[in-house]
Amino acid sequence: MITHIDCDAFYVSVELLRRPELVGKPVVVAGSGPRAVVTTASYEARAYGVGSASPASQARRLCPDAVFVAPDFDAYRAKSREVWDRVRERLPVVQQVGLDEGYADLTEAEKPLRVLRELVAEVRARTGIGVSVGVGPNRLVAKVASDLEKPQGFVAMGREEACRRLASRSPRIIPGIGPKTAERLAALGYTTIGALQQAPADALTRRFGHNHGSDLHARAHFHGSDRVASESGPAKSRSTETTFDRDIGELPALEAELERLAAELAQGLQRKSVRGRTVAIKVRLDDWTTVTRARTLALPVNDTATVTRVAVELLRAYAPPRPVRLLGVRVAAFADADSTPAEPGQLTLGL
């Protein structure tokens, strides 16, 4: 049994704790520049169509009465540590995959649903952050379930139940199926998850390629990994990534997202007191093509400036030829914490 724990509108929630007078109002966390993008919007703002990764200028047009707040990632990281410290105190096997979400293995827990409900209440009481929880036999079901009744949802279901319960829903609710793929599926007549479940596997592989087609067939039937990687053992690399609500084709918007991910990753490396010599990015295009680019440095690093700079340089050099659905950054080739950090400009090898 696996649970996906997802903080509700996390950045906005942190801001509302600091500015309670904004509770109940449409609030958008975004930069102020002409190319700024939305990081998170309150549920009141989302009702106007404002979503994560959308241009801030578009958000202002959609919701002119929204209160715009500049992001404070130091505050978000600090609050994230509070939340996940509570989770790790309660659950033995936890894999955090971002500041605001993660998975936990409940297989060995006695009365797991009761433990989760107590955890949700404790997180709310001690940190002020509301979370939504999904429980299922694998990560995919848990992930989808956690999003069904937000905010502060609590949904548990099996794989077969997910197939039945969600048959009439759009394939877009399944992680990994973005708007472009959904459009291509709709053109083939697969407008619901139920219809996609009835699609012959060979038809999907012919249309989308072997890997993507097979993945679509598996996801439509809610097959997914049942493994939660424990954070206790030594890691060979650390990474963070995000799948966008809409595919992004503008390089400045992609760079802004990559800067956020790199800062989040570097902060995690610093907390773990580890440095790595290899900085890499992962880019998945709207046609499911996945590309990685990496650069190995002369000496190991974990500082935000270097990780961000290298990641952005790799993205600019690649210059994605199509809109991007997923973006990630990774640091690998770890060295001891006492290793001397690299100085700017000590890039030695591009992979």
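Keep in mind the model is a prediction, meaning the values are calculated, not measured.
Thr289 places no side-chain N or O within 3.5 Å of a backbone atom of Leu285 that could act as its donor or acceptor partner. With Thr39 contributing its side chain and Val29 its backbone, the two residues share a donor-acceptor pair below 3.5 Å. A side-chain donor-acceptor contact under 3.5 Å links Glu264 to the backbone of Leu99. Under a 3.5 Å cut-off, the side chain of Arg46 and the backbone N or O of Ala41 do form a donor-acceptor pair. The backbone N or O of Ser170 sits nowhere less than 3.5 Å from a side-chain atom of Thr192 that would complete a donor-acceptor pair. A distance-only check finds no donor-acceptor pair linking the side chain of Glu250 to the backbone of Pro252 [under 3.5 Å]. Under a 3.5 Å cut-off, the side chain of Arg219 and the backbone N or O of Pro175 do form a donor-acceptor pair. For the pair Ser146 (side chain) and Gly134 (backbone), a donor-acceptor distance under 3.5 Å is absent.
Under 3.5 Å, the side chains of Ser132 and Asp8 contain a donor-acceptor pair of N or O atoms. Side-chain contact check for Arg277 and Thr296: no donor-acceptor pair (N or O, by modelled atom type) lies under 3.5 Å. In the model, Glu15 has a side-chain atom that pairs as donor or acceptor with a side-chain atom of Tyr76 under 3.5 Å. Between the side chains of Thr205 and Asp202, no donor-acceptor pair is found at a separation under 3.5 Å. A donor atom on one side chain and an acceptor atom on the other are not found under 3.5 Å apart for Arg275 and Gln270.
By the rule that hydrophobic residues join a cluster once side-chain heavy atoms approach within less than 4.5 Å of another member, Ile129 and Tyr43 end up as members of separate clusters. Note on Leu326 and Ile248: separate hydrophobic clusters, where clusters join Ile, Leu, Val, Met, Phe, Trp and Tyr whose side-chain heavy atoms are under 4.5 Å apart, directly or indirectly.
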Yes or no on salt bridge (charged side-chain N to carboxylate O under 4.0 Å, His left out) for Lys150 and Asp6, after CA distance, side-chain angles and deciding distance? CA-CA 9 Å; Lys150 275 183 165 288; Asp6 195 4; 3.5 Å; yes
Stepwise, does the salt bridge (charged side-chain N to carboxylate O under 4.0 Å, His left out) test hold for Glu313 with Arg316? CA-CA 5 Å; Glu313 287 176 356; Arg316 290 175 179 172; over 6 Å; no
Quick one, Glu122 with Arg90, criterion salt bridge (charged side-chain N to carboxylate O under 4.0 Å, His left out). Give me CA distance, side-chain angles, the key distance, then yes/no. CA-CA 10 Å; Glu122 180 180 346; Arg90 284 273 189 163; 3.0 Å; yes
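Screening residues 165-174 for salt bridge (Lys or Arg N to Asp or Glu O under 4.0 Å), with sequence neighbours left out, gives Glu149-Arg165.
Ring-plane geometry between Tyr103 and His4 is classed as tilted, the angle between the planes lying from 30 to 60 degrees on a 0 to 90 degree scale.
In this structure, CZ on Arg18 lies 10.0 Å from NZ on Lys79, to the nearest 0.5 angstrom.
Leu251 has its side chain within reach of Glu255: a pair of non-hydrogen atoms, C-beta onward, lies under 4.5 Å apart.
Residue Leu148 belongs to a hydrophobic cluster whose other members are Leu140, Val141, Val144, Val155, Met157, Leu166, Ile173, Ile174, Ile177, Leu185, Leu188, Tyr190, Ile193, Leu196, Leu204, Phe208, Leu216, Phe222, with links defined by side-chain heavy atoms closer than 4.5 Å.
Among Leu258, Val283, Ile281, the single residue meeting the side chain to side chain contact (heavy atoms under 4.5 Å, CB included) criterion with Leu314 is Ile281.
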